[in-house]
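To find a chain, count down the sequence lines: A is the first, B the second, and so on, and within it residues start at 1.
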2 protein chains.
Amino acid sequence: MSKGEQTRQAILGEAAQVFSISGYAGTSMDALTRATGLTKGGIYNHFGSKEALALEAFDFARQLIQERFNEIIQDRHHPIDRLMAVVLVFRSIIYDPLLQGGCPVLNTATEADDTNPALRERAQQASSQWRTFITQTVKQGIEEQQLQPETKPDMVATVLIATLEGAIMLSKLYGDLIYMDQAVEHLSCYVQSLGNESGSQRGSLNR
Amino acid sequence: MSKGEQTRQAILGEAAQVFSISGYAGTSMDALTRATGLTKGGIYNHFGSKEALALEAFDFARQLIQERFNEIIQDRHHPIDRLMAVVLVFRSIIYDPLLQGGCPVLNTATEADDTNPALRERAQQASSQWRTFITQTVKQGIEEQQLQPETKPDMVATVLIATLEGAIMLSKLYGDLIYMDQAVEHLSCYVQSLGNESGSQRGSLNR
Ligand SMILES: [Mg+2]
Ligand SMILES: [Mg+2]
């Protein structure tokens, strides 16, 4: 990695933290110079504007979470285990934060939904990637008779993401892990309940 | 209501809308003068600072939703119907918005959790009021044998609030009612499932 590229990545890493705590409107260029140790000129050398930096910082934050998810999903083949990987990566946003400010999708969605179409689109893309993972996992699980045939893929995606994002909001609002624990307990039961009775023994051959 | 009090309430009504759309950091005093048609001096006549106005505007917004809830809860006596009133008032935040920017608790919690202790405390208080309504409803429903005795009041509060706040986030992020519809469908089943089989016929006498 070139020196310039290293600086660029370092700016993105710091900016992702600052934006996650203070939001887009709440982050000044001064705050970004303090966090990065660079001058404004030094930052503008790499990013044309605060908005351009915010968009790339969002993708940087999203990538951090994606990498953690890639570790969790390894060796999980049963659809119930794969759906639980989604629960666990959201749980880790509270239990072992990659970003001090919590979930970049939740933060960016609430701030940008009525104010910033470009940031809003990034949050939509990230949310849609989670939804696609969940719906494809459910569809494949139905095909392979591991999940009940009447399971609705889009419903599962909404229930998982809404409950987990809401639990992140509550746990951060109160500074208390209990809300995430309760969401994880509830969703574990929910995800288990999707299993096909006849095919629910993990590792058993399908009919 | 005195002229001064009328002006004060009009400022709060406009400010609640602007803050709900743009957030605390994203709202300038200029934006507040445009929305209210007053000068900065005219606003400072009634509120000492932007923060003081934001705190009262939060309570104003909370009161709007409380009044709607009071209408919905009327004549609902069975605990399942009372829990569904919570689902319906959150649904109405998407279907018939009182505030253009959605839910003040969700917006304020995500913005203020790491940045503004006073606003964060207001969001905690509002969230705790919902939690208390739900936990008391569940406890009373268990006592009166209308809900299953093993129902966990705090779990029900977290599942309802987290799922509904997450659904508001998704519906506003995509500009699509479907996510709220799915959350309501899921929570209707969940709330029904808490009913005590022996006491689940509405209006029947308890044993
Ligand atoms: Mg918003
Ligand atoms: Mg925050």
So B:Asp114 and A:Lys172, side chain to side chain contact (heavy atoms under 4.5 Å, CB included) or not? Walk me through it. CA-CA 8 Å; B:Asp114 293 315; A:Lys172 281 190 53 57; 2.8 Å; yes
Give the C-alpha distance, both sets of side-chain angles, the deciding distance and a yes or no for side chain to side chain contact (heavy atoms under 4.5 Å, CB included) between A:Thr163 and B:Val159. CA-CA 7 Å; A:Thr163 310; B:Val159 169; 5.6 Å; no
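Of the possible polar contacts, one joining the B:Gln124 side chain to the A:Leu173 backbone as a donor-acceptor pair under 3.5 Å is found. Side chain of B:Tyr179 to main chain of A:Ala162: no donor-acceptor pair is present (N/O by atom type, distance under 3.5 Å, no hydrogens or angles).
Between chain B and the options A:Glu111, A:Lys152, A:Glu185, the largest number of non-hydrogen pairs under 4.5 Å is found for A:Glu185. In terms of heavy-atom pairs under 4.5 angstrom with chain B, the leader among A:Met169, A:Met155, A:Glu165 is A:Met155. With respect to chain A, the highest number of heavy-atom pairs below 4.5 Å among B:Ala112, B:Ala183, B:Ser128, B:Gly175 belongs to B:Ser128. Between chain B and the residues A:Ile178, A:Asp154, A:Ile161, A:Ile168, the most heavy-atom pairs under 4.5 angstrom are made by A:Asp154. Per-residue counts of heavy-atom pairs under 4.5 Å with chain A were compared for B:Cys103, B:Ala109, B:Ser20, B:Gly23; the largest is that of B:Ala109.
Smallest separation of non-hydrogen atoms from A:Leu170 and B:Ser127: CD2-OG, 3.6 Å. Among all heavy-atom pairs drawn from B:Gly26 and A:Ala25, the shortest one is CA-CB, 3.6 Å.
By the 6.0 Å contact criterion, CD on B:Gln140 is open, its count of non-hydrogen atoms from other residues, nucleotides or ligands being 12 or less.
Using a 4.5 Å cut-off between heavy atoms, A:Glu121 does not touch chain B at all. Using a 4.5 Å cut-off between heavy atoms, B:Tyr190 contacts chain A through its side chain alone, with no backbone atom that close. Both the backbone and the side chain of B:Ile21 come within contact range of chain A, judged by heavy atoms closer than 4.5 Å. Residue B:Asp181: no heavy atom, backbone or side chain, is found under 4.5 Å from chain A. Proximity to chain B is absent for every atom of A:Thr27, based on heavy atoms less than 4.5 angstrom apart.
To the nearest 0.5 Å, atoms CG (A:Leu160) and NE2 (B:His186) are separated by 9.0 Å.
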